[in-house]
Every structure is written in structure tokens, then in C-alpha cells.
Amino acid sequence: MTKRDGEYAPAAIESKWQERWNEADLFRAEIDHDKPKHYALTMLPYPSGDLHIGHWYAMVPPDARARWMSMRGYNVMYPMGFDSFGLPAENAAIKNNTHPGKWTYANIERMRGQLRSMGNMFDWKREAVSSDPEYYRWTQWLFLKLVENDLAYRKRAPVDFCPKCNTTLAREQCIGDDRLCERCSTPVVKRDLTQWFFKTTHYADELLDFGKFDWPQRVLTLQDHWIGRSKGAEVTFTTEAGDDLTVFTTRPDTLWGATFMVIAPEHPLVEKLTSDEQRDAVEAYVAEATRATDIQREAADREKTGVFTGGHAINPVNGEKIPIWIADYVLMTYGTGAIMAVPAHDTRDFEFARKFDIPIRIVIAPEGEEPPAVEDLTEAYVVKGPMVDSGELTGTPADQALPKAIAYIEEKGSGKGAISYRLRDWLISRQRYWGCPIPIVYCDSCGIVPVPEDQLPITLPDDIEWKPTGESPLKLHETWKKTDCPTCPMEAERETDTMDTFMCSSWYHLRYLSPEHDQGPFDQEEYDYWMPVDSYTGGIEHATMHLIYTRFFHKALRDAGVVKGDEPMSQLRNQGMILGEDSEKMSKSQGNVIAPDDLVQRYGSDTVRSFLMFFARWDMGAPWNSKGIDGTARWLKRVYSLIPGGVDDAPEQADAAVLRQLRRKTHQALQRVTRNFEQYQFNTVVSSLMELLNHMTDAARAGAVGSSEWDESCRLYVLMLAPVAPHLADELWHEMGNEDFVHRQSWPEVDAEAAAEDEVTLVVQVNGKVRDKIQVPADVTKEKAEELALASDAVKKHLDGRDPRKVIVVPGKLVNVVG
RNA sequence: GCGAAAGUGGCGGAAUUGGUAGACGCGCUGGAUUUAGGAUCCAGUGGGGCAACCCGUGGGGGUUCGAGUCCCCCCUUUCGCACCA
């Protein structure tokens, strides 16, 4: 080998190797029972038009890890596809007067090319596109499975509606305290509509079981809060008219302190409970509450409002007759839409009672303490202690109060222990065109009829007016909705709403298994081999949307007998976000967007890949730094010029010590890189490689080139580089005389002996402060280390004549003399 | 208000999980080479001090021979939830 002359020219190298990998079908993933499988999955992109640097950040480090897994002997599948139904296509269609599909598929074509420029090990034969009829045929089929298994239903309910997107939204798609539309940030409003729902709440408890998989604690906490399980009781009060009025409470032990009840303005009993004298006031209040948006209603700091119905109910534990009020701080969507109010011990009820001058009664008091007089209370009396003034249960200690109160009401037949969830069923109907049609037909005589399997897919019509009106464009189509009833000779109408696109993305990992399979959503043999997903990567923003939906979907399909296992993704890791150079979120209007195409053109894919792995902790993200990438570019240039030929003007031969050190540094780097890949710590993978290159440069200058140690270092270096900078690695690998692709090589084993230090720097401390450093053999004995430390001049000086009281020796590391 | 995470040089970040704080890279400062540099190479770079040394991981306590790392209190930032009965 001689020193290299040419400059590093990534463009030529990268296109050459991408072509050769393609020709060899190198990344085709096929079932191989002789190898352990590894299903690597990155959340699929929406085909918005251009690949963003964020897409690279989401896809490239996981690609490096997938390649590393492959070199470690795993049969790796890393598929990619497009989540291609959705609103932006319709908005673009309206703007440019083109069909949403045309826009979508043009974008997909463009993005495929951009994705290829990453040099990722995607198996393109497994590509799945959710707006293809061959894909959504099975989305519809899966919908029918849920219907069949009683996990889908149609209901008229107040639903969240985005006036700008002109469609309903799932609860999860209304973001933040302002309840903004997830897509366009417009405040959502309530509408009363008949819509399709999935019973996510059916799996609320199972969705809280996080014991079966390795996901970040952060995501689990978010899901835990989102599901929001509360334990308590349902208690039934009786109204004057004899109707049951059931409330949910987490504090059945305070039942004796209930001095009024509150029902939500939308509660079905409002009409019946209202007395003639109160009718005008109630109607005015309900009208007002309906007009107010959820934002205004749910603001916690807003002063309580409400109105008396004129009606009363009987408290089942003590037979007391208490007034029923209407107030918008009680939500129809949580619990039963009605509460018993215990103003003494609940801040909200207290505030309400004081405002409307309703009696307050204390029923909990700390052990051995006299409770204050109610008229002296300035806020709710939130205390722990035994029950007081509570009939037969008076005196029940705090730790027994809940079970005893529940047992008491159960015995009386007026209630039972109950659990309430914050999670709501998933509203999947959307009044838009560019989505998967819901395969349902409405017949005047048969009612709701699922479309038979053999008539799938129900495809979207192309001749359509897609201007949003708040109604589904499919509804306004002249002929599309007209059909024959599948079960009787009558004419019938198709469902004209389409499905939430989260439905399409809840099962895409299954379509990748066999995207061309036409006998079912996936090929069972592929499923049995590849599932579950071993490494799932994507942004944290999906914690309470996609990641809950896909878990729900898997469980629903399991119970429908379609899939096996309890969880679809065994391991999840989240990447952070790349901000603009100004530390703001990247956006076109901010003018701080970094375009990966430009970077690839200027630096080459390998440099962009390496920099994305290096510049920040992957799970944290960071602001972009356009200067920083030059450092990574320099590194790869130096790799290219050093390996394998070395440097000019070096001695013929190196000392044995130099060669020994070269081997040591090489194997130490291998040790670190291996561990860092395992733990998704991509930044230190690259920094370890940079560090090793610095050592190799020193060794080359000291004459190491030509030795077997040098050759080994070069070989290991290129193998370690392969997942990070795959094109350059293959180029160097072949220059070094190898025939096969570097990506088909095995990940090297660490030679522990080579990595071991034979001399270590012994840190010598006096009272915990570093005072000296002594070179000693790595296997120095405790006694010898202590002796050497005590003999040190620096130690003697800092002991200042005192005798050491204690000497702590950490073998091979440090001696601390306490004096 | 509740919950979670994070605070380390001018900047991004290392620290093998209780044992040399600041690896690696950016930036900066000198120098070499060059007609030129947003090129390349060499040296330096936490703060203070001529030095011996002293100080230093958001702040304050504590445990320990020894704390960026463990415990308690506080502050700041980011994210999530928020009248959930």
C-alpha cells in the first residue's frame, strides 16, 4: 500500500455503491430460519413533498443500528413506506385544482428518490403505500373484523370538530389547553354528529400493562396519564320523579357530606328535573353552556357558574333530600356526567357551594382533632383522617374508609365499586375525501350492513368535488353512494365518511410483511417469522396517538383471531428534534429549514449520516450547527486519505510499543462502539471512531504502516465504519482487496487481551484530592500500590508530617491517602 | 396546580454508572504553507495565578476516604396533562 493521491469524492463513491447494492439486492429481507430475526421499523412518513432533515434524523441512526445488527448475524428487515392518505393532499388539491392522488403519488415518487440518497438498508420490495387500493382493501377488511367482534359502533354524540379542516377529530387530535386541531392549530368546536367509534376503552386496563415490552418510561407515563384510571364507586341517587341518577366518585367515604348534586348541561335528565319556576333560567344556562367552547368551559381558573334545576334527589346512605344543580364544570364526557358534591372536602364543590350559598358539612377530620366550624372555612377542608358524622360508618379509620363505604353501598343495593377512565373511545369518522372509505352500507330495511369481504375494496371515485363543506365530499357525489343492499333487494346508501388516517398507520407494520399478499392483510408465515417489531423508532409526539392506537389495534386483532401476541412492538426508542440554527422549531415561515438534499450535494450522504449521529444525543436532539458538519466532513476526508495507505515521510518500521498501543486502541474502540450501538448512543460511536483515527494517524507517522497490526486496524476500522458511512466503508473495503460487500461481514470480536492495558496511571490522592500520578503495571498489587503512593514526594508534602490514618486502594485505578 | 425529563467550558456534548471532570467535534488564539482562503497541517484552549497552588458540573445542605453521579430542600428550562368528580 502506498499513500493515497486522490481527493475524497463522495458523489462518485456513493452512487457507485448504491447501484451495486441494488444490483445485488443486498438488503432484501427473506425468511431464514437459520438466523435470529430482527425487525427494525421507523415510523413511516407522510408524503408531504420533500424529505426534511428531521426524516433523516429519524431514519439514519436507526439504519446504522440495523446494519450493525445485520453484521452481528441477525436477519434484518428494515422496510419503508408512506402514510399517504390525509388532509394536506386535499388542501393541495383545492389550491392547485389537481386530484389529491396525483399530488400524493408525485410526492411519493420524489421522496423515494430522496430516501434512496440516504443509502439506508431499506428493503424496497416490502414498500407499502396506505392509499393504494391493495393496501386499503385490507384496512377496510380489518375495520369489518372490528365490527364483527363488537369493537366498532356508531353513535350520535357531541364530537370535536375542526372548522378549518371541516372534519371531526379524535380526542387525541385536540392538542393542549386551548384544544387546538392537531393539523392546523385551529380551536376545535363541538358538534352533535353520528359517527363511528372504536372501543379503545374496552382495553383500557390492558393498555396500562406495560410489563411486556421495553419502551421509554416517558412514553409509558404519558400513556398512563392519558388512559387516566381512577378507582372509586358508582352510587345511584333517586330523583323526586323516581329516576335513577348515578354518579361516579373516587371518594365514596364522603357520601355523608354530599349537600347537593351537579349534572352536566348535556345530561339527559336536565329536561325532566327542571321545575316550572326554574325552566327559563335553566334553558338560558344550557344554551349559554352549549355556545361556550370547551376551552372556555374547561378553564380551571374560571369562576364557577351554574343554575338550580328545582329538582332534588335522595342520598341513599342517609335518605337526605338534596338539590340538583346544573354546572358546566361537570363534563358529560367523564364518569356519568353527574356528581355528588361534597363541598367540605373538594375545592371545586366548595367554591360552588360558597358562591350559591349551599350548606357545607364536614365528614372527615384528622385523628383527635376538632374540625373547624364550617362558616370559618376559607377553602375546602382537604385532610386525612377517620370518618365523622357519617351514620353507621362514623369512626372508620382513613385506611379502611374506601372499602367500607363501598361495601356499605353495595349492601344497600345503591351502588358498587367502579373504575373510570379518562381515555375515550376512538372516533374514526372523517368528513373528507382523501381517506379510506368506511365499508358500510345503510339500508332502510336492514339497517347498518357491513360490506361483504368479496366486495372489497370500496374504492374512492376519481370524479369528485373535494371542496370541504363540513360534509364528506363522497356524500355530495351524484352516484357513488348509491348501491344495492348486500343482504336484501333494496337500494341502499354507502357510508360517505372516510377513516381517520391513524387507522391506516395502526397496522402498516403488518402490511410490510407481505405488501403484495392478496389473501389477507398479511402472509401468516411472514408474520410468524418477523413479528413482533424488535426495534421501533420515532418521535415522542406519537406517545398518546399512534402508539396507543397501534397497541389497541393489535389487541383488538388478537381477540379477533387475526394476530398473535399481546404487543406489536417489543422495543421503542424516541429520537429528539432538530431545531433550526436559531434554536427555533424549523419552519418555512421562520426561514430556518435545513434541506438534506443540499447537504448531500455539498458533503455527500456519508458525511450527513455521520454528522446526524454525532452532533447531539440522538434521544435529545439539538439546534442545527452548519459549521459543525465541516468537522465531520474533515473526519471522513482524513479517513479516506489515511486508510489503508498511511502517510508520507514515515519511518520504515515502528517500535513494538507503538504497534502494541495501536492494537490496544483499536480493540478498545471496538469495545466502546459495540456497546454504544447496543444502547442507541450514536454520538459516541462516531467520537470513538474519530479518536481511533487520531491514534492511527500517530501510529502511521511512527512507521506502523506495513505491519500486520496496521492491517488489522484498517480492517477493523472499515468494519466499524460500515454502519455509519456505508458507501465509504465499502469503497475502502474493496480497495483493501476484498471481494464481497463490507456489509456482509461479521461484526468483529474484541480481543480482550489486546484491549487490556499493561500499564496504568495510578491516581494518587491525599484526602480525596489528586496530588500525583504514577505509572504502574496494570496488575500492581494493593500493597505495592500503597507503598508507591506513600513514597511519593507529593504525598509526603501534602501529608505535611502527619501519619496516614487510612489508605484506600482501588486496584489499578487509584490510591487515596487519608491523613 | 399535577406529572415527567433536563441543567457540565463560548457551543454540541463525553465521563466504562461512586474513583484523574471536560473525551470527540465546533468555535477561538498562535504558528507553518499558500497569490488567495470558509483549504491543509502543527501547537494551545474551563476560570484565576509568574508559580507552588486555588476554584470549578444550576443553588444550598447531607452521606462517603472520595459525589457530575446517591439522599433531602430550593431555583430555572422544556414537554405532557389540566374543573377527570
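Just so it is clear, the values below take in all heavy atoms, side chains as well, and ignore hydrogens, waters and symmetry mates.
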Of all the choices, [options], which nucleotide is nearest to the side chain of [X] once you look at every atom?
{"X": "A:Asn694", "options": "B:U20, B:C53, B:C24", "answer": "B:C24"}
{"X": "A:Lys797", "options": "B:A52, B:A21, B:C65", "answer": "B:A52"}
{"X": "A:Thr250", "options": "B:G19, B:A85, B:G13", "answer": "B:A85"}
{"X": "A:Gln765", "options": "B:G12, B:A85, B:G19", "answer": "B:G19"}
{"X": "A:Arg771", "options": "B:G13, B:C53, B:C65", "answer": "B:C53"}
{"X": "A:Lys773", "options": "B:A6, B:C41, B:U20", "answer": "B:U20"}
{"X": "A:Asn683", "options": "B:A85, B:G13, B:G19", "answer": "B:G13"}
{"X": "A:Met690", "options": "B:C83, B:C65, B:G25", "answer": "B:G25"}
{"X": "A:Ala616", "options": "B:U16, B:G25, B:G12", "answer": "B:G12"}
{"X": "A:Asn816", "options": "B:C24, B:U20, B:G19", "answer": "B:G19"}

Expressed in whole Å, how much space separates the [atom1] atoms belonging to [N] and [M]?
{"N": "B:C24", "M": "B:U76", "atom1": "C1'", "value": "29 Å"}
{"N": "B:G10", "M": "B:A5", "atom1": "C1'", "value": "26 Å"}
{"N": "B:U57", "M": "B:A23", "atom1": "C1'", "value": "15 Å"}
{"N": "B:U78", "M": "B:C71", "atom1": "C1'", "value": "25 Å"}
{"N": "B:G49", "M": "B:C54", "atom1": "C1'", "value": "8 Å"}
{"N": "B:C28", "M": "B:G60", "atom1": "C1'", "value": "35 Å"}
{"N": "B:G62", "M": "B:G68", "atom1": "P", "value": "15 Å"}
{"N": "B:C53", "M": "B:U8", "atom1": "C1'", "value": "24 Å"}

Just label B:U17 as syn or anti from its O4'-C1'-N9-C4 or O4'-C1'-N1-C2 angle, using within 90° of 0 for syn. syn

What's the base orientation of B:G62: syn (chi within 90° of 0) or anti? anti

Name the nucleic acid region contacted by [X], choosing base, sugar-phosphate or nothing; use a 4.0 angstrom heavy-atom cut-off, strictly under.
{"X": "A:Gly306", "answer": "nothing"}
{"X": "A:Leu222", "answer": "sugar-phosphate"}
{"X": "A:Gln671", "answer": "nothing"}
{"X": "A:Asp630", "answer": "nothing"}
{"X": "A:Val810", "answer": "base"}
{"X": "A:Arg672", "answer": "nothing"}

Considering just the side-chain nitrogens and oxygens of [X], establish if one lies under 4.0 Å of OP1 or OP2 belonging to [N].
{"X": "A:Arg634", "N": "B:C26", "answer": "yes"}
{"X": "A:Arg422", "N": "B:A82", "answer": "yes"}
{"X": "A:Lys769", "N": "B:C55", "answer": "yes"}
{"X": "A:Arg602", "N": "B:G38", "answer": "no"}
{"X": "A:Lys627", "N": "B:G27", "answer": "no"}
{"X": "A:Ser230", "N": "B:A85", "answer": "yes"}

A:Asn676 versus A:Thr684, side-chain donor and acceptor atoms under 3.5 Å: yes

Are any of the side-chain heavy atoms of A:Met340 and A:Thr249 separated by less than 4.5 Å? yes

Would you indicate whether the side-chain heavy atoms of A:Val685 and A:Phe614 approach each other to under 4.5 Å? no

Is a side-chain N or O of A:Arg609 found less than 3.5 angstrom from the main chain of A:Pro723, in a donor-acceptor match? yes

Backbone of A:Ala170 reached by a side-chain donor or acceptor of A:Gln173 within 3.5 Å: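 Yes; at least one donor-acceptor contact below 3.5 Å.
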
When you measure from the centre of the six-membered ring of A:Tyr329, is the NZ or CZ of A:Lys304 closer than 6.0 Å and no more than 45° off the axis? yes

Does the cation-pi check pass for A:Arg361 over A:Trp256, that is, NZ or CZ under 6.0 Å from the six-membered ring centre and within 45° of its axis?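 No, A:Arg361 and A:Trp256 do not form such a contact.
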
Ring center gap for A:Trp215 and A:Phe210 short of 6.0 angstrom: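 Between A:Trp215 and A:Phe210, the centre distance exceeds or equals 6.0 Å.
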
If you measure from the Lys or Arg side-chain nitrogens to the Asp or Glu carboxylate oxygens, is any gap between A:Arg573 and A:Asp619 under 4.0 Å? no

Any salt bridge linking A:Lys637 with A:Glu7? Criterion: basic side-chain nitrogen under 4.0 Å from a carboxylate oxygen.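 Judged by the 4.0 Å cut-off on N to carboxylate O distance, A:Lys637 and A:Glu7 do not form a salt bridge.
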
RNA chain B: stems of at least 3 consecutive Watson-Crick or G-U pairs, cut-off 3.5 Å?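 Stem segments, range with range: B:1-7 with B:75-81, B:10-12 with B:24-26, B:27-32 with B:40-45, B:46-48 with B:53-55, B:58-62 with B:70-74.
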
